[in-house]
Participant: 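Quick one: the structure is below, and I'll ask about it shortly.
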Amino acid sequence: MAERIINAYLVKKDDYGIFDEIITILCTNGNKYVCLSKGSKKINSKNARNLFIGSFIEFVIFEARSENKISRLKKANCITAAPWNIEGNNALNILNQCIVKATTTSKEFFNFYKYGVELITKKPENEYVNICAILKNYILLFGLMSEPNYCISCGNQEINNFSPYLGGMVCQTCTQKKDIPKIDPNVFQIIFGIFNDDKFLDNPTVEKNILRSVITILLQYVQKNLDTKILFK
């Protein structure tokens, strides 16, 4: 096996046997890389001290020589550690799912993840607000919702509804003609604000139950338009 050094974010860990793990990392070019981490579940493992989700790490890897083999982690040196208080954070969980479940890659995915980790680190207590910002940027990453001021069906600018199944904002006329379910006006105002004002979420004063409804609808949008099911507690 050839030795390779990769600087990357750790985005996923899966148990493998009693003491080992399969880890997924996000490289600076946006590619994902999967390798075996031997013994990292042992109490005395040196690598285990550095393998925290959301951390930016220097990975020294023994690279597999054939496609039917898996590469193996030799050493992990933490460059930027994820703060202890974001472990188990709902926003970090959704951010990781966005990366792991994406079927395409680019440098922008790395930038998206870096932004997400920095956002969560800055205000970990704002879980629902952070999730809204992450989902917004994930949707924009794929070139969707590029015209949030227009009805997705007819182009009318007098919009007052949002349909995850049609794929965007909807006007009153199309809501009635197409029998589209009308979402809560408060929820609509938040979704409209998120996609039309970059600073909308900077100083949130929105009730948690409203934000939860916004998240549910945005996840429906992601599942319908990106064929990606992201789980939310």
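Bear in mind that the values here come from a model prediction, so they are computed numbers and not experimental data.
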Participant: Once rounded to the nearest 0.5 Å, what's the spacing between atom SG of Cys35 and atom CD1 of Ile61?
Facilitator: 4.0 Å
Participant: Who are the side-chain hydrogen bond (donor to acceptor under 3.5 Å, both in side chains) partners of Glu87, not counting sequence neighbours?
Facilitator: none
Participant: Check this for me, if you would: do Glu118 and Lys122 make a salt bridge, where the nitrogen-to-carboxylate-oxygen distance has to be below 4.0 angstrom?
Facilitator: no
Participant: For Leu201, run the side chain to side chain contact (heavy atoms under 4.5 Å, CB included) check against Leu119, Asn126, Val129 and tell me which one passes.
Facilitator: Val129
Participant: Would you say Leu51 and Leu36 are hydrophobically clustered, going by side-chain heavy atoms of ILVMFWY under 4.5 Å?
Facilitator: no
Participant: Would you indicate whether Lys101, at its atom NZ, is surrounded by more than 12 heavy atoms from other residues, nucleotides or ligands within a distance under 6.0 Å?
Facilitator: yes
Participant: Indicate yes or no: does Lys41 engage Asp15 in a salt bridge with an N to O separation below 4.0 Å.
Facilitator: yes
Participant: Determine whether Leu135 and Ile210 fall in the same hydrophobic cluster, where Ile, Leu, Val, Met, Phe, Trp and Tyr are linked whenever their side-chain heavy atoms lie under 4.5 Å apart.
Facilitator: yes
Participant: Take Lys74 and Glu3 through the side-chain contact (heavy atoms from CB on, under 4.5 Å) test and state the conclusion after the steps.
Facilitator: CA-CA 9 Å; Lys74 176 185 177 183; Glu3 189 173 292; 3.0 Å; yes
Participant: Testing the 3.5 Å rule here: is there a donor-acceptor pair between the side chains of Asn149 and Asn196?
Facilitator: yes
Participant: Nearest 0.5 angstrom please: Glu58 CD to Cys78 SG, how far?
Facilitator: 11.0 Å
Participant: Does Lys123 have more than 12 heavy atoms from other residues, nucleotides or ligands lying within 6.0 Å of its NZ?
Facilitator: no
Participant: So do the side chains of Pro124 and Ile86 get within less than 4.5 Å of each other, counting heavy atoms only?
Facilitator: yes
Participant: Can you confirm if the NZ or CZ of Lys42 lies within 45° of the ring axis of Phe19 and under 6.0 Å from the centre of its six-membered ring?
Facilitator: yes
Participant: In terms of hydrophobic clusters joined by side-chain contacts under 4.5 Å, are Ile22 and Val60 together?
Facilitator: no
Participant: Would you say Ser40 and Asn47 are linked by a side-chain donor-acceptor pair, where the criterion is simply a distance under 3.5 Å?
Facilitator: no
Participant: Aromatic ring centroids of Tyr9 and Phe110 under 6.0 Å?
Facilitator: yes
Participant: Any link between Ile53 and Tyr16 through a network of hydrophobic side chains (Ile, Leu, Val, Met, Phe, Trp, Tyr) touching at under 4.5 Å?
Facilitator: no
Participant: Is the shortest heavy-atom distance from the side chain of Asn130 to the side chain of Glu127 under 4.5 Å?
Facilitator: no
Participant: ring-ring contact (aromatic ring centres under 6.0 Å, His included): which pairs involve residues 214-233, sequence neighbours left out?
Facilitator: Tyr128-Phe232, Phe162-Tyr221
Participant: Hey, is Lys136 close enough to Asp198 for a salt bridge, meaning N to O under 4.0 Å?
Facilitator: yes
Participant: Flag the pair Ile191 / Met169 as yes when at least one side-chain heavy-atom distance between them is below 4.5 Å, and no otherwise.
Facilitator: yes
Participant: Does the gap between the ring centers of Phe109 and Tyr113 come in under 6.0 Å?
Facilitator: no
Participant: When you measure from the side chain of Ser106 to the backbone of Glu108, do you find a donor-acceptor pair of N or O atoms at a distance under 3.5 Å?
Facilitator: yes
Participant: Measuring from Ser153:OG to Ile159:CD1, what's the distance to the nearest 0.5 Å?
Facilitator: 12.5 Å
Participant: To the nearest 0.5 Å, what is the distance between CG (Asn31) and OG1 (Thr105)?
Facilitator: 4.5 Å
Participant: Rounded to the nearest 0.5 Å, what separation is found between the CD atom of Glu158 and the SG atom of Cys151?
Facilitator: 11.0 Å
Participant: Could you verify whether a donor N or O on one side chain and an acceptor N or O on the other, from Asn160 and Gln172, lie under 3.5 Å apart?
Facilitator: yes
Participant: State plainly whether one hydrophobic cluster holds both Val214 and Tyr165, where clusters connect Ile, Leu, Val, Met, Phe, Trp and Tyr through side-chain heavy atoms under 4.5 angstrom apart.
Facilitator: no
Participant: Can Thr24 and Tyr33 be said to form a side-chain hydrogen bond (donor to acceptor under 3.5 Å, both in side chains), step by step?
Facilitator: CA-CA 6 Å; Thr24 303; Tyr33 199 93; over 6 Å; no
Participant: According to the interplanar angle, ranging from 0 to 90°, do the rings of Tyr138 and Phe142 count as parallel (below 30°), tilted (30 to 60°) or perpendicular (above 60°)?
Facilitator: perpendicular
Participant: With a 4.5 Å limit on heavy-atom distance, are the side chains of Phe59 and Asn50 in contact?
Facilitator: no
Participant: To the closest 0.5 Å, what do you measure between SG (Cys171) and CG (Asn161)?
Facilitator: 9.5 Å
Participant: Would you indicate whether the side-chain heavy atoms of Ile230 and Cys98 approach each other to under 4.5 Å?
Facilitator: yes
